[in-house]
Protein chains: 2
Amino acid sequence: MSQYTLGLDFGTESARAVLVDVATGKTVATAVHPYADGVIDETLPAGDRPLPPDWALQNPADWLAALETTIPAVLAESGIAPESVVGLGLDFTACTILPTTADGSPLCALEAYRERPHAWAKLWKHHAAQPQADRVNEVALARGEPWLARYGGKISSEWLIPKALQMLEEAPDLYAAADRIVEGGDWVAWQLTGKLARNACAAGYKATWHKVDGFPSADFLAALHPDLTGLYRDKLAGPVVAPGQKVGGLTAGWAGRLGLVAGTPVAAPIIDAHAAVPGGGVGGPGTMFMIMGTSTCHMLMAENEVLVEGIAGVVEDGIVPGFFGYEAGQAGVGDIFAWFVENGVPPDYHEEAAGRGLSLHDVLAEKAAALRPGESGLLALDWWNGNRSTLVDAGLSGLLVGCTLATKAEEIYRALIEATAFGTRVIIEAFTSQGLPVKAIVTGGGLTKNDLLMQIYADVTGREMAVAGADQVTALGAAMLGAVAAGQSGGGYRSLAEAVVHMAPPPTRVYRPTPEHLAPYNTLYAEYRRLYDYFGRGENEVMKVLRRLRKE
Amino acid sequence: MSQYTLGLDFGTESARAVLVDVATGKTVATAVHPYADGVIDETLPAGDRPLPPDWALQNPADWLAALETTIPAVLAESGIAPESVVGLGLDFTACTILPTTADGSPLCALEAYRERPHAWAKLWKHHAAQPQADRVNEVALARGEPWLARYGGKISSEWLIPKALQMLEEAPDLYAAADRIVEGGDWVAWQLTGKLARNACAAGYKATWHKVDGFPSADFLAALHPDLTGLYRDKLAGPVVAPGQKVGGLTAGWAGRLGLVAGTPVAAPIIDAHAAVPGGGVGGPGTMFMIMGTSTCHMLMAENEVLVEGIAGVVEDGIVPGFFGYEAGQAGVGDIFAWFVENGVPPDYHEEAAGRGLSLHDVLAEKAAALRPGESGLLALDWWNGNRSTLVDAGLSGLLVGCTLATKAEEIYRALIEATAFGTRVIIEAFTSQGLPVKAIVTGGGLTKNDLLMQIYADVTGREMAVAGADQVTALGAAMLGAVAAGQSGGGYRSLAEAVVHMAPPPTRVYRPTPEHLAPYNTLYAEYRRLYDYFGRGENEVMKVLRRLRKE
């Protein structure tokens with residue numbers, strides 16, 4: 001009898017369940033559940049008071065509803081017996097945190113707090129804690145906090161401390177009422193098992209945890225706010241465990257609700273981007289995995305800990321236990337192309353696309369593909385959404401140079417793609433020049449469907465770009481965690497690395513560098529690097545001046 | 001009985017005649033004649049052999065046809081007696097030159113040469129002599145030719161020596177057959193009067209003539225090509241005279257053909273852009289005149305000769321006799337906005353314009369006008385067509401910085417307008433910082449109709465921008481020359497300065513700086529200057545690298 005593992009992928013707008021054959025990695029059933037309340041950024045589900053700008057919340061009830069619809073659905077679709085499900089793994093957006101009571105009840109589920117914005121789960125892209133993030137960075141820098149260097153010298157407003165501090169400052173009574181502050185993924189596992197653990201991936205990348213040094217000190221927290229001192233000791237209480245480690249067995253109540261067997265092992269979660277690494281077939285050091293969508297996340301493992309300039313995070317056990325997981329990122333990639341398509345393309349291209357039944361991206365890519373490298377005469381800095389790696393500076397902005405009266409839309413489109421490829425090359429070189437080998441690259445995500453883009457990435461980096469074989473790399477990675485939580489004796493695997501070997505399909509295709517494109521792209525990359533350093537490292541602060549004038 | 005002067009404005013596609021009251025400057029009749037052969041840039045009127053790229057020719061027969069249709073038309077329309085026409089002035093594009101025999105017959109009118117491209121008039125925008133221009137500049141620089149500094153250190157492929165050298169190299173038999181090489185305007189005056197003179201404006205700005213030093217030496221010409229030595233001595237023979245000086249009286253033959261009186265004084269011509277200066281009401285030093293269209297030409301007079309960095313030319317008697325005329329320019333202005341409107345604006349703006357019966361420029365200007373200075377967060381270098389002043393570098397290109405995912409088309413539109421205003425401010429500062437006062441500014445040309453643009457120019461420069469009162473400043477300037485050629489005794493004026501006083505209408509309107517816009521624009525201008533120097537003066541050669549890659 002075949003055995004199966006369940007993978008749950010909790011995204012921004014919906015959750016997906018996959019049921020995967022443990023031996024082969026083949027997905028036998030899949031189901032998607034859109035969240036009823038979706039992203040809450042205008043008014044709360046309770047009451048109709050408008051939320052301030054930059055707020056983004058979720059309703060934890062949506063996550064449980066997703067379990068209750070998708071798991072029975074994949075069981076029914078596949079027709080397999082509940083006994084053949086050896087484990088359940090999940091990935092989650094992060095940092096997505098919610099305040100709860102000691103028993104795990106979300107504050108937003110309590111009548112007293114339902115109309116209070118701070119009672120709800122703050123989604124990863126809640127950006128209203130920027131003032132708090134600025135202060136955290138200032139204070140940490142002033143105090144010489146040693147952990148700051150692990151995050152490229154700056155932490156994001158999306159992370160735990162700024163979000164918690166915002167709650168404390170704006171709703172101190174709610175902060176006091178919150179016995180626990182929990183990542184969404186850890187909270188779901190807590191619900192399913194009755195046991196609270198903190199996954200090392202979110203704890204490390206978003207809550208400044210370190211396997212040896214632990215969390216930032218109470219002194220540091222006190223310097224931010226006297227009442228923040230107990231944040232980690234009390235509200236973040238619970239063991240930190242590697243993704244895939246068994247948190248506990250499914251409770252009888254949840255087993256009944258989901259149609260599974262009580263005691264089924266539930267794995268410690270992982271951040272969604274990081275789940276794609278094993279799901280994409282990367283189980284250890286030397287191969288960089290890029291998940292490429294609206295933004296791009298670059299993940300790489302190594303045997304050792306190195307503080308790489310401008311890398312968004314390094315976490316031991318953060319991706320695959322036993323290795324240091326490094327994360328870098330580009331804040332805008334697909335978002336930039338989407339911006340251009342929406343804001344910069346004249347009507348004749350739209351008409352051609354409509355007439356030929358193509359998307360505007362297809363038409364632009366077709367025309368751009370006819371250009372040789374350098375033919376556009378354009379070069380861009382891909383900072384439309386700031387620069388995450390290696391400059392860690394959201395205040396930077398996009399630049400386009402080389403415009404003439406003959407410049408066409410497809411030339412700008414190509415220059416924007418090339419700029420994001422140059423940005424990736426900077427990140428690869430940051431890794432390799434600082435002692436972390438990048439021997440191969442595997443990619444996943446929506447942008448891998450764009451042939452022109454993938455070929456440009458191969459040509460610009462001079463490296464083969466493999467496209468991960470699985471349709472749903474993220475959900476597959478989550479399912480692998482379920483097989484690891486089951487363990488070999490429970491019908492799964494001894495390690496995540498072993499699960500990857502057996503369960504990840506080979507790449508569907510590989511883009512290889514075009515030899516004659518290397519020289520022109522080396523020339524363009526040298527110019528890109530020069531502009532990158534000139535505008536990105538303080539020599540010319542025009543981007544900051546422009547941002548300030550814009551806001552005045 | 002009122003007296004009148006005829007102004008003929010010979011443009012690129014057509015010629016215009018105006019009949020103007022000498023006492024008041026009021027235009028009483030106007031007529032336009034489109035050239036039958038227009039701009040000849042594909043095949044010659046004789047034969048159908050295609051022309052090489054970058055060629056642009058005219059047929060001198062079109063110029064004469066324009067005289068024969070427009071002058072009788074304005075006489076008929078106005079009903080005035082031919083005796084009341086005191087003089088005839090004309091302006092012409094330059095450098096537009098044609099080869100002729102000693103009696104003034106164009107080589108292209110001779111059966112033997114009709115199918116030879118080099119026999120026709122080379123229009124100002126004939127750009128096929130770029131290799132020759134490069135060599136002229138190299139040799140002049142190497143020899144330390146003193147006249148080079150008067151032209152910002154570089155002469156253009158549009159000018160006389162490169163065009164003549166191209167003819168000598170590519171069609172030496174035609175060069176030998178050409179007894180004379182003549183500016184189109186001087187040739188028309190020659191036809192009308194039977195006398196050949198060279199107008200100081202075209203001779204100075206396009207043929208490197210200097211009132212004291214004369215023309216470049218025979219040694220220099222010999223260094224370019226042994227057979228070029230006699231270019232000025234033989235082919236450019238004829239006195240150089242100030243615009244408005246009487247070349248001669250109308251011949252009996254032409255008087256009959258045009259319906260005028262034989263002997264009517266014909267003035268030495270002026271370049272079209274420069275005719276706009278007196279036509280715009282500027283008769284002497286201290287007031288800069290800007291003619292603003294696809295490109296912008298900035299003209300200023302002074303009592304003294306100064307070598308201003310990056311100024312396109314300084315010519316004594318070049319505009320108004322008795323003064324040194326300085327010319328600077330921006331190679332792309334209206335052209336850049338037209339490029340953007342054609343290539344960078346998405347369909348919803350087009351639909352809004354169509355729905356409201358407005359032009360796309362109107363819609364963009366309306367939205368851009370709602371932004372305060374700095375609100376776009378954008379800054380551009382307006383070098384889409386290179387930089388004429390003050391960098392004299394056609395190899396530079398456009399740059400846009402500050403792009404975000406929220407950037408809108410109207411913000412880019414405004415940033416492009418602002419960039420051209422910053423470019424004008426650089427030119428004003430080049431004049432004033434080097435000892436040439438700019439006490440006031442008068443503007444003319446199509447862009448003066450754009451309220452948003454004019455206000456931005458006032459705000460960016462901190463100066464009042466007056467808009468010239470005449471509808472056709474250029475043709476009016478030409479008509480003034482006719483009145484000057486007539487002289488006071490002939491019913492006209494003693495000088496061009498005097499003609500300006502009586503004949504130029506006051507400005508229609510004046511744009512005044514908005515006090516609260518000065519500070520943000522000073523901040524933006526400082527950033528513009530920094531980028532201007534960084535990319536324009538060799539510190540970062542990325543624009544040159546991009547241009548080279550584009551052409552490879």
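Please read these numbers as outputs of a predicted model, since none were measured by experiment. Proteins get letters first, then strands, A, B, ... in listed order; numbering begins at 1 in each.
- In this structure, the separation between CD on Glu375(B) and NZ on Lys551(A) is 13.5 Å, given to the nearest 0.5 Å.
- Of all residues spanning residues 343-352 of chain B, those with a heavy atom less than 4.5 Å away from chain A's heavy atoms are Asn343(B), Gly344(B), Val345(B), Pro346(B), Pro347(B), His350(B), arranged by number.
- Among all heavy-atom pairs drawn from Glu552(B) and Arg372(A), the shortest one is O-NH2, 2.5 Å.
- With sequence neighbours left out, the side-chain contact (heavy atoms from CB on, under 4.5 Å) criterion links Asp134(B) to Gln130(B).
- Trp384(A) touches chain B through backbone and side chain together, each having a heavy atom under 4.5 Å away.
- Ranked by heavy-atom pairs under 4.5 Å with chain A, the list Thr407(B), Val341(B), Asn385(B), Leu371(B) is led by Thr407(B).
- Atom OG1 in Thr404(B) sits 11.0 Å away from atom CG in Leu546(A) (nearest 0.5 Å).
- Within a 6.0 Å radius of CD in Glu342(A), no more than 12 heavy atoms belonging to other residues, nucleotides or ligands are found.
- For Leu378(A), the part sitting under 4.5 Å from any heavy atom of chain B is the backbone (N, CA, C, O) and nothing else.
- In Glu516(B), the CD atom is crowded: over 12 heavy atoms of neighbouring residues, nucleotides or ligands sit closer than 6.0 Å.
- Residues of residues 523-543 of chain A having a heavy atom under 4.5 Å from any heavy atom of chain B, listed by number: Thr523(A), Leu524(A), Glu527(A), Arg530(A), Leu531(A), Tyr534(A), Phe535(A), Glu539(A), Asn540(A), Glu541(A), Val542(A), Met543(A).
- The most heavy-atom pairs under 4.5 Å with chain A, out of Gly398(B), Ser397(B), Gly374(B), come from Gly398(B).
- Contacts with chain A were tallied for Asp335(B), Leu399(B), Leu379(B), Leu405(B); Leu405(B) has the most, counting heavy-atom pairs under 4.5 Å.
- By a heavy-atom distance cut of under 4.5 Å, not one residue of residues 412-421 of chain B is near chain A.
- Here the closest non-hydrogen pair linking Arg550(B) and Gly377(A) is CD-CA, 3.8 Å.
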